[in-house]
> 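Would you mind keeping the following structure in view while I ask a few things?
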Amino acid sequence: MSEINQKKFASVHYAQYLQLENILHAQHMRSSDVGQPAHDEMLFIIIHQVYELWFKQIIHETESVCLLFRENHVDERNIGIAVSRLERVIEIQKIMIDQIRVLETMTPLDFLDFRNYLIPASGFQSFQFRKVEVMLGLKKEDRLTYNQKVYSSVFSESQQKELKELEASPSLANLVEQWLNRTPFLDMDDFPFLARYRDAVNQMIEKEEAAIRETTFISEEDKNIRLQMLAGTAQYFKDALDEEKGNQKNEGLSYKATLAALLIHLYRDEPLLRMPHTMLVRLLDIDELFTTWRYRHAQMVLRMLGRKMGTGGSSGHDYLKATTEQHHVFKELHQISTLLIPRSELPELPEGLKRSLGFCYTYNH
């Protein structure tokens, strides 16, 4: 073995490999600098440093999944890899939420011992978290404004440039939409999915309308209210299945991607569609868990600060709470649930298509 290879595979010490000298000396308490050390500032620093490490891992996983989906053809085996990496992100998110409980062992008075030393620092200035949001697919126009400024204005020029380049690149949401657009089973000659699905929806609504009219357990007034609601549901289905309206949308899933996601959800029990369905569900899990994390963060801030202004100058709790409603990434995937129909109403797949969905589509053609 050459000397270079010997050096490459030389033994390494645990502390050296993990750079513990750097990590364990990265907690600098500002309260100590002014001669009034606050005990809980150490916890505050470590919790947020750990968050940044988890953000780094989420970026690492998300980048790898995006890379798998950048090709015009996504190998079915890569969908399994993508799912396993998204599931890792999900487990990290659960830990991030649990970490708030550790932070809440600090009381409001404990926090006030050092809070003033943090101004104007704020979690809003986490560059890595902004990268996560952009990589997943949160659009600039969907963001709540922070002090009436562009969200990236708090970062350095080089960081702003990196965020701008990320915004110009396909996000995970974009890549998943492109993948859905390529779903081959929407155009099968022996199975006109859309026509069969429309028929099934009409039959379902007719049955529900008949059930409402025939029941003797509710008043005529209640029947009319329910019939009006059912008419609204029928109109929603009609609009969602209108190709012209679907193609006119300026944002969200394309018409074809919406139908593909719907087909995958409806026929998820077919072997070839199980992994794509799991992929879509994991994206919803990630969206939901970030919403949960934001909400728990907002509640923690309310508990610690009440209605005080945030250290970065935001409205504090009110701003954080508002982001839980506004900063969703996969909203259109959530809306697929509105279009689902009972298994008993599902159009039967032709035998040839069932065989195709029984194993790898790529190898069958």
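Only this structure's heavy atoms are used, side chains among them; waters, hydrogens and symmetry mates stay out.
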> Between Ser126 and Glu52, do the side chains contain a donor N or O and an acceptor N or O under 3.5 Å apart?
yes

> For residues 30-42, which residue pairs pass the salt bridge (Lys or Arg N to Asp or Glu O under 4.0 Å) check, not counting sequence neighbours?
none

> How would you list, by chain and number, every residue that makes a ring pair (Phe, Tyr, Trp, His ring centres under 6.0 Å) with Phe69, sequence neighbours excluded?
Trp179

> Considering residues at least two apart in sequence or located in another chain, which fulfil the side-chain contact (heavy atoms from CB on, under 4.5 Å) criterion with Ala211?
none

> Among residues two or more places apart or on two chains, list those pairs meeting salt bridge (Lys or Arg N to Asp or Glu O under 4.0 Å) that have a residue in residues 83-96.
Glu61-Arg88, Glu87-Arg282, Glu91-Lys94

> Does anything in residues 192-208 form a salt bridge (Lys or Arg N to Asp or Glu O under 4.0 Å)? List the pairs, not counting sequence neighbours.
Lys207-Glu345

> Which residues satisfy the ring pair (Phe, Tyr, Trp, His ring centres under 6.0 Å) test with Tyr51, sequence neighbours excluded?
Trp293

> Between Arg274 and Glu270 (salt bridge meaning N to carboxylate O under 4.0 Å), is one present in this structure?
no

> For Gln335, give me all partners under side chain to side chain donor-acceptor pair (under 3.5 Å), at least two apart in sequence or on another chain.
none

> Are His48 and Phe44 close enough that their ring centers fall under 6.0 Å?
yes

> Describe, in one word, how the ring planes of Phe193 and Tyr197 are oriented to each other, choosing from parallel (under 30°), tilted (30 to 60°) and perpendicular (over 60°).
parallel

> Could you check whether any side-chain heavy atom of His328 comes within less than 4.5 Å of a side-chain heavy atom of Thr291, counting everything from C-beta outward?
yes

> Quick one: do the Gln235 and Asp239 side chains pair a donor with an acceptor below 3.5 Å?
yes

> Considering residues at least two apart in sequence or located in another chain, which fulfil the side-chain contact (heavy atoms from CB on, under 4.5 Å) criterion with Gln19?
Asn22

> Pick one: which of Leu180, Leu194, Asn181 meets side chain to side chain contact (heavy atoms under 4.5 Å, CB included) with Leu259?
Leu194

> Which atom pair, heavy atoms only, marks the closest approach of Pro37 to Ser32?
CB-OG, 3.5 Å

> Not counting sequence neighbours, which residues clear ring pair (Phe, Tyr, Trp, His ring centres under 6.0 Å) with His265? List them please.
His277

> Report the residues that fulfil ring pair (Phe, Tyr, Trp, His ring centres under 6.0 Å) with Trp54, sequence neighbours left out, ordered by chain and then residue number.
none

> Would you check if Leu320 and Leu302 make a side-chain contact, meaning some heavy-atom pair closer than 4.5 Å?
no

> Identify each donor-acceptor pair in which a side-chain atom of residues 161-169 lies under 3.5 Å from a protein atom, sequence neighbours left out, and give them as a table.
residue, atom, partner, partner atom, Å
Glu162, OE2, Lys131, NZ, 2.8
Glu167, OE2, Tyr151, OH, 2.5
Ser169, OG, Glu165, O, 2.8

> What residues, two or more places apart in sequence or in another chain, satisfy salt bridge (Lys or Arg N to Asp or Glu O under 4.0 Å) together with Glu133?
Arg130, Arg143, Arg294

> Please indicate whether Gln36 has more than 12 foreign heavy atoms, meaning atoms of other residues, nucleotides or ligands, lying under 6.0 Å from its CD.
no

> I want to check something: taking the side chain as every heavy atom from C-beta on, are Phe111 and Leu118 in contact at a cut-off of under 4.5 Å?
yes

